[in-house]
Amino acid sequence: MSELRDLYQEVILDHNRSPRNFGELADATHDAEGFNPLCGDKLKLYLRIADDTVLEAQFIGSGCAISTASASLLTESIKGKSLAQTKILFHQIHAMLLDKQTDQSESLGKLEVLSGVKEYPTRIKCASLAWHTLVAALEQKTSATTE
Ligand code: ZN
């Protein structure tokens with residue numbers, strides 16, 4: 001477990017220090033805002049979707065290291081994925097964070113470090129915020145909250 005904890009801290013710190021795909025996306029086709037009132041994390045996610053594929057994903061916002069790193073990892077991992085793959089990924093992350101069993105045993109790769117947040121139960125919503133915001137954007141809702 002301590003290896004995961006080290007990796008978790010390393011990845012979270014790295015993505016918080018230099019978030020990937022940070023900034024507004026001018027030609028976004030989908031966007032949504034997310035808010036986690038427990039911690040005060042706010043973010044806005046932009047997607048450019050064409051032919052059922054996520055071509056671009058960017059975000060802006062301010063929040064704790066975990067919420068920023070999770071959003072950064074999210075934008076990295078969904079680019080180039082089909083909408084169906086993106087939704088499967090959301091369900092896998094959601095299940096992982098909530099410790100639910102899934103049929104999918106596929107590796108989540110780097111995203112598995114997010115499971116390190118389970119050692120800090122109050123921060124799980126910080127990690128899941130970006131993913132709920134992603135679903136809101138895909139469903140053309142304007143906002144998401146972790147509550
Ligand atoms: Zn937070």
Side-chain angles (χ1 to χ4, degrees), residues 1-49 54-81 83 85-102 104-147:
M1 198 64 199
S2 78
E3 245 174 73
L4 176 66
R5 195 185 299 123
D6 290 348
L7 184 63
Y8 165 79
Q9 287 184 343
E10 198 177 297
V11 173
I12 298 290
L13 288 176
D14 173 41
H15 278 261
N16 180 51
R17 210 181 295 124
S18 45
R20 319 298 196 270
N21 308 304
F22 192 83
E24 287 182 42
L25 185 63
D27 54 355
T29 57
H30 296 62
D31 63 62
E33 286 178 55
F35 180 48
N36 172 20
L38 271 186
C39 179
D41 308 315
K42 274 185 196 164
L43 61 88
K44 184 163 186 181
L45 183 68
Y46 300 89
L47 305 173
R48 186 155 64 83
I49 296 172
V54 180
L55 299 178
E56 288 293 337
Q58 290 189 198
F59 76 103
I60 57 168
S62 61
C64 65
I66 296 170
S67 69
T68 301
S70 182
S72 174
L73 287 162
L74 176 149
T75 56
E76 246 189 1
S77 59
I78 63 171
K79 267 200 227 183
K81 281 202 161 55
L83 296 187
Q85 287 172 320
T86 302
K87 280 177 195 158
I88 289 171
L89 188 61
F90 165 77
H91 287 297
Q92 287 179 294
I93 297 287
H94 199 237
M96 178 179 77
L97 290 175
L98 297 180
D99 244 341
K100 285 187 187 145
Q101 296 293 330
T102 57
Q104 275 128 1
S105 51
E106 216 176 299
S107 167
L108 289 169
K110 202 200 277 181
L111 291 170
E112 278 177 11
V113 300
L114 287 176
S115 68
V117 81
K118 286 189 294 193
E119 286 191 46
Y120 316 92
T122 57
R123 314 307 295 277
I124 289 175
K125 285 179 175 174
C126 302
S128 66
L129 175 64
W131 299 88
H132 286 292
T133 309
L134 167 66
V135 171
L138 291 176
E139 292 177 351
Q140 312 263 26
K141 290 177 187 156
T142 52
S143 65
T145 169
T146 54
E147 291 305 294

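If you're wondering where the values come from, they're calculated on a predicted model, not measured in any experiment. Just so you know, ligand 1 is whichever comes first in the structure, and atom 1 is the first atom listed for that ligand.
- In terms of the side-chain hydrogen bond (donor to acceptor under 3.5 Å, both in side chains) criterion, T86 has no residue partners (sequence neighbours excluded).
- Pairs of residues two or more places apart, or lying in two chains, that qualify as ring-ring contact (aromatic ring centres under 6.0 Å, His included) and include a residue from residues 54-78 are F22-F59.
- Put simply, the residue from T145, V117, L38 that forms a side chain to side chain contact (heavy atoms under 4.5 Å, CB included) with K125 is L38.
- Closer than 2.8 Å to the Zn ion (ligand 1) sit the protein N, O or S atoms C39 SG, D41 OD1, D41 OD2, C64 SG, C126 SG.
- K42 NZ: 12 or fewer foreign heavy atoms inside a 6.0 Å radius.
- For the pair L43 and A71, the tightest heavy-atom approach, listed with the atom from each and the gap, is CD2-CB, 4.0 Å.
- For the ring-ring contact (aromatic ring centres under 6.0 Å, His included) condition, the pairs that include at least one residue of residues 123-147, sequence neighbours left out, are F90-H132, H94-H132.
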